[in-house]
Amino acid sequence: PFLDLLHGANPLQTGLMARRVTQLHLDLVGEAYWQLARGALDQPIAIWPIPPSWIVGTPTPAYPFFRVNFRSWQGVIPESEWIWFSDVDPANPYGRGTGTAQALADELETDEYTAKFVKTFFHNRARPDLIIWPKGDTPLQEGEVRRLEQQWNNNSRGFWRAFRPFFLRREVEIKELDHSFQNLQLTQLRDFERNTILQVYGVSPETLGILSTGSNRATVTMGDAIYGRRVLIPRLELLRSVMQERLLPLFDERLILYYVSPVTKYHELELEA
């Protein structure tokens, strides 16, 4: 029954879907919640992952209930009907969890805003590429300015009109506003933020397909080993330990939960040894 619960999760989600969203919650905000649905024998028959943002209050010794707020619904659910996964906050080990993404908030936002800055460049950033005005002290009338603007756009806008000449009946000055990313070093900035994020999560660049001049078969193979040993196993251990202590006793206290190690075995190395 316990394995059926892990594989089936609930009527709307498979076990893989439920575990995936649970791990995303842990990586992002450092906590995840499963609400249990019980059957006729009082054993859990379904698990419902609940977003941490819906939880507005956690249990205390004096008030052992979770307070939940979803849209216009508010309610309290007993602590016994929940499985609470938490990446403990060092500053408050008895409170809510804290996620790696929260520690990387500045780096993640910097990378996102850099991408948005580049995107807005192609939307003109609400700034024209050219400023055109007549030479001399005689200003153009508003109607003349609008006609010149319309004529300029009609004859010059679009890549199919590139390199076409434009003729005017009076002398004008044209100032081109420079859009240069070179001085901002946006590529180097995004590479730096990416590397910082990968190092905090413990993921080697080769695992994500980021290859450099120093990448080779050995670094790719070792990257898989590092990913399994330092990224996957700690996450698996957190899930396993919580389910072993909080969920398995609801079925049978003699049960032991384990997982197959994701660390890659190097058969060639074993053969050479």
Side-chain angles (χ1 to χ4, degrees), residues 12-13 17 20-21 23-25 27-30 51-54 56 69-74 98-201 203-215:
L12 298 181
Q13 298 170 332
M17 295 166 62
R20 177 176 292 175
V21 71
Q23 188 58 58
L24 288 173
H25 289 159
D27 280 329
L28 292 175
V29 298
S53 58
W54 295 6
V56 295
N69 184 0
F70 172 62
R71 296 180 180 175
S72 60
W73 182 85
Q74 295 183 0
T98 179
T100 305
Q102 291 175 318
L104 288 169
D106 292 337
E107 286 77 11
L108 291 169
E109 287 183 353
T110 299
D111 183 75
E112 181 181 2
Y113 292 153
T114 304
K116 290 183 180 297
F117 178 82
V118 176
K119 176 183 176 182
T120 56
F121 169 79
F122 296 99
H123 289 281
N124 202 30
R125 296 178 56 210
R127 189 173 74 178
D129 294 323
L130 300 173
I131 297 179
I132 305 172
W133 68 94
K135 280 190 172 183
D137 299 331
T138 305
L140 291 176
Q141 299 297 323
E142 184 67 22
E144 294 178 308
V145 173
R146 294 293 165 253
R147 284 194 298 271
L148 177 61
E149 178 183 9
Q150 185 66 36
Q151 186 179 4
W152 187 285
N153 290 332
N154 291 340
N155 287 274
S156 303
R157 177 166 292 178
F159 67 90
W160 57 91
R161 294 190 176 97
F163 308 110
R164 292 180 58 178
F166 187 83
F167 298 94
L168 295 172
R169 291 187 298 175
R170 63 176 301 173
E171 189 176 7
V172 297
E173 291 188 12
I174 300 176
K175 179 175 178 59
E176 183 176 0
L177 301 182
D178 185 26
H179 297 273
S180 176
F181 292 146
Q182 184 175 1
N183 296 332
L184 296 177
Q185 295 183 331
L186 297 183
T187 301
Q188 293 85 341
L189 176 62
R190 296 203 69 185
D191 287 345
F192 174 78
E193 300 296 353
R194 179 198 68 191
N195 294 338
T196 301
I197 294 169
L198 291 182
Q199 290 164 5
V200 171
Y201 274 105
V203 181
S204 62
E206 286 81 4
T207 303
L208 297 180
I210 304 172
L211 304 180
S212 62
T213 54
S215 299

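Hydrogens, waters and symmetry mates are skipped; everything else that's a heavy atom, side chains included, is used.
- Salt-bridge annotation for Glu149 and Arg146: present, with a side-chain N of the basic residue lying under 4.0 Å from a carboxylate O of the acidic one.
- Of the inter-residue distances, the one linking Asn195 atom CG with Ile210 atom CD1 reads 7.0 Å to the nearest 0.5 angstrom.
- Nearest heavy atoms, Arg190 versus Ala115: NH1-CB, 3.7 Å.
- Atom CD of Gln151 is separated from atom CD of Glu144 by 12.0 Å, given to the nearest 0.5 angstrom.
- Contacts of Arg147 classified as salt bridge (charged side-chain N to carboxylate O under 4.0 Å, His left out), with partners at least two apart in sequence or in another chain: none.
- Judged by distance alone, with hydrogens and angles left aside, the side-chain atoms of Asp111 form no donor-acceptor pair with the main-chain N or O of Glu107 at under 3.5 Å.
- Across all their heavy atoms, Pro205 and Leu198 have their closest contact at CA-CD1, 4.2 Å.
- Taking CG of Leu189 as the start and OG1 of Thr110 as the end, the distance is 6.5 Å to the nearest 0.5 Å.
- A pairwise comparison of heavy atoms in Gln102 and Val29 identifies OE1-O, 3.5 Å as the closest pair.
- From Tyr201, atom OH reaches atom OG1 of Thr196 across 13.0 Å, with rounding to the nearest 0.5 Å.
- To the nearest 0.5 Å, atoms CD (Glu193) and CG (Leu104) are separated by 9.5 Å.
- Among residues two or more places apart in sequence or in another chain, the side chain to side chain donor-acceptor pair (under 3.5 Å) test is passed with Lys135 by Glu171.
- The CD atom of Gln199 lies 10.5 Å from the CZ atom of Arg194; values are rounded to the nearest 0.5 Å.
- Residues Pro51 and His25 share a closest heavy-atom pair of CA-CE1, 3.7 Å.
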